[in-house]
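Beneath this line is the structure, given in structure tokens, with notes to follow.
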Amino acid sequence: MAVTKILVLGSGMVARPCVEYLLRDPKNHVTIACRTLSTAQSLASSLPQTTAISLDVSNSIDLDRAIQAHDLVISLVPYIYHGTVIKLAIKNKVNVVTTSYVSPTIKELEKAAKEAGIVVLNEVGVDPGVDHLWAIKKIEEVHAKGGKVKEFYSYCGGLPALECANNPLGFKFSWSPRGALMSQMNSASFILNGKQVDIAAKDLMATAKPYFVADGYDFVAYPNRDSVPFREFYKIPEADTVVRGSLRYEGNPAFIKAFADAGWLDADEKGWLKAGMTWAQISQHVTGADDSTESSLLASISKKCNFPSEAERDRITSGMRTFGLFSSEKATIRGGNLLDTLCGQLEKLLSFQPGERDLVMLQHKFVVKWKDGKKDTFTSTLELLGDPKGYSGMSKSVGVTCGIATQLLLDGHPALNTPGVLAPYEKEICDPIRELLELEGIEMVEKIL
């Protein structure tokens, strides 16, 4: 039996469900690569057919050597490294899988990937990934019956389960705190009533509005990045409204906006930010307060944040107090900047504890117009709770989706073995992934409202 050698770059939370899925095929041997060998070893030690290696993906010589020794590479490292990984995979004629969006950098490599005869498969996580699979399914069904999708909305949130959202942010970190916070500070574009709407990054959190998904949840939603190309990607030129966005619990975006307005989300290095400073001293610098007393800090924050009401001011400043930002405790400085220093504190306070679980909530809403002029509204909803004794909802939905797509590619499925840069926007790619996902308990439930 010929062995299929798979290189997995990264050993974070989504890696285990991905690797465990791939190990169901006895032909597969997986090399888990991480900069910290012990981290890779802790994952590999409990799994058969695996090897752990130390690999820094920023070292292109070592990365080249590792890719050359494998049949396929799965890149679960930050997206900024995907370009380097793909270039070396092209050089070595090795297929690549990522869970990330097709970035301009990846798109530029399409011609070279085709010439090398390799597949670069992307967007096979949850968002992007699972979202595409059910969006394409419903849109295909509507078009087959002669209908038109006039409005399309898609919102996703990776959140703590309700019973665990017991902190002022209503949030816990199931992935990089920096990434999670910065995802709430992007600009956004979408199509509304036939016109493109552009939101500046500084204004994004102010656009968050209550959004009903399911009984028992108080969500707010805001647009995420650029939704405009999805009218083309999803083949719905008839749509007057196309919005993709994020879900948070009520109160979260206003708190993030206050962090930004106060100056805490600044990623630039600060010469004054030194080891030994207390949180109160740092807050004084950040807010421009006269001194580091709590009364002075609160007065300065109130001026900078322009709260809409006293109640909202009290709620958010009380949360800042809970996070220790007015305290005499010495801060752990990270990266010489405020954003990473704050992230370190929040990660310490807002990580999932034993017995706690996360929630992945994803919903599509389709407003459909039929030939006779009648309109219907359909929803497709994924409500996936993590298992405190097993996978988190986020790691399962991303990792298993990636594992399934990778195995289909390895098995030679024709739709996934077309050289070039691929993403699941075609029925032929989406259907086989979706059908296998349903067998793993990951399924969007469809309803008509």
Side-chain angles (χ1 to χ4, degrees), residues 2-12 14-15 18-19 21-23 25 27-35 40 43-44 49-125 128-129 398-399 401-426 429 433:
V3 173
T4 302
K5 292 178 287 184
I6 303 163
L7 174 64
V8 175
L9 301 175
S11 56
V14 303
C18 177
V19 171
Y21 187 89
L22 292 169
L23 293 179
D25 187 330
K27 295 194 303 296
N28 292 340
H29 187 284
V30 179
T31 302
I32 299 162
C34 182
R35 186 168 53 188
L43 175 53
Q49 302 151 234
T50 58
T51 303
I53 64 169
S54 172
L55 178 65
D56 184 341
V57 291
S58 64
N59 184 325
S60 57
I61 295 172
D62 289 350
L63 180 61
D64 183 20
R65 191 178 298 120
I67 291 173
Q68 193 175 58
H70 291 83
D71 303 303
L72 180 142
V73 56
I74 300 174
S75 186
L76 299 177
V77 292
Y79 74 92
I80 57 171
Y81 296 110
H82 291 334
T84 302
V85 171
I86 294 166
K87 284 175 186 174
L88 292 173
I90 288 168
K91 175 191 167 197
N92 292 296
K93 294 185 166 51
V94 171
N95 291 336
V96 186
V97 178
T98 86
T99 59
S100 303
Y101 283 105
V102 175
S103 65
T105 301
I106 293 175
K107 194 67 182 168
E108 285 170 8
L109 296 169
E110 175 152 38
K111 183 171 181 287
K114 284 182 176 177
E115 288 171 354
I118 73 159
V119 175
V120 181
L121 177 62
N122 308 274
E123 304 188 25
V124 286
V398 176
T401 307
C402 181
I404 286 171
T406 301
Q407 190 61 57
L408 286 165
L409 175 56
L410 290 170
D411 289 343
H413 192 287
L416 282 85
N417 275 268
T418 304
V421 173
L422 302 183
Y425 296 126
E426 305 291 337
I429 295 177
I433 301 173

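Surrounding OH of Tyr425 are more than 12 heavy atoms belonging to other residues, nucleotides or ligands, all under 6.0 Å away.
Heavy-atom minimum distance, Ala66 versus Leu55: CB-CD2, 4.0 Å. What you find for Ala423 and Ile429 is that their closest heavy atoms are O-CD1, 3.9 Å. Ala52 and Ala44 get closest at one heavy-atom pair: CB-CB, 3.9 Å. Residues Gly420 and Ala113 approach most closely at CA-CB, 4.2 Å, considering heavy atoms. The two atoms that bring Ser60 and Leu88 nearest to each other are O-CD1, 3.7 Å, heavy atoms only. Annotation for Leu109 and Gly83: closest pair CD1-O, 3.9 Å, computed over non-hydrogen atoms.
Under the 3.5 Å distance criterion, the side-chain polar atoms of Asn122 are matched with a main-chain donor or acceptor of Leu422. Checking side-chain atoms of Thr99 against main-chain N and O of Gly125 turns up no donor-acceptor pair under 3.5 Å. Between the Glu123 side chain and the Val102 main chain, a donor and an acceptor come within less than 3.5 Å of each other.
Here salt bridge (Lys or Arg N to Asp or Glu O under 4.0 Å) pairs that include residues 71-93, with residues two or more places apart or in two chains, are Asp64-Lys91.
We find the NE2-CG distance between His70 and Leu72 to be 10.0 Å, quoted to the nearest 0.5 Å. With values rounded to the nearest 0.5 angstrom, Thr105 atom OG1 is found 9.0 Å from Ile86 atom CD1. Interatomic distance, OH of Tyr79 versus CD1 of Ile106, reported as 10.5 Å (0.5 Å rounding). Atom CG in Leu9 sits 6.0 Å away from atom CG in Leu63 (nearest 0.5 Å). Rounding to the nearest 0.5 Å gives a distance of 11.0 Å between CD1 of Ile32 and CD1 of Ile6. With values rounded to the nearest 0.5 angstrom, Leu7 atom CG is found 6.0 Å from Ile53 atom CD1.
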Take Leu121 and Asn95 through the test side chain to side chain contact (heavy atoms under 4.5 Å, CB included) and record every step on the way to the result.
-> CA-CA 8 Å; Leu121 177 62; Asn95 291 336; over 6 Å; no
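Side chains of His82 and Ser103: a donor-acceptor N/O pair is absent below 3.5 angstrom, by distance only.
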All N/O donor-acceptor pairs, side-chain side in residues 403-416, below 3.5 Å, sequence neighbours left out:
{"unit_1": "Thr406", "atom_1": "OG1", "unit_2": "Cys402", "atom_2": "O", "d": "2.8"}
{"unit_1": "Gln407", "atom_1": "OE1", "unit_2": "Asn28", "atom_2": "ND2", "d": "2.8"}
{"unit_1": "Gln407", "atom_1": "NE2", "unit_2": "Asp25", "atom_2": "OD2", "d": "3.2"}
{"unit_1": "Gln407", "atom_1": "NE2", "unit_2": "Asp411", "atom_2": "OD1", "d": "2.9"}
{"unit_1": "His413", "atom_1": "ND1", "unit_2": "Ala415", "atom_2": "N", "d": "3.3"}

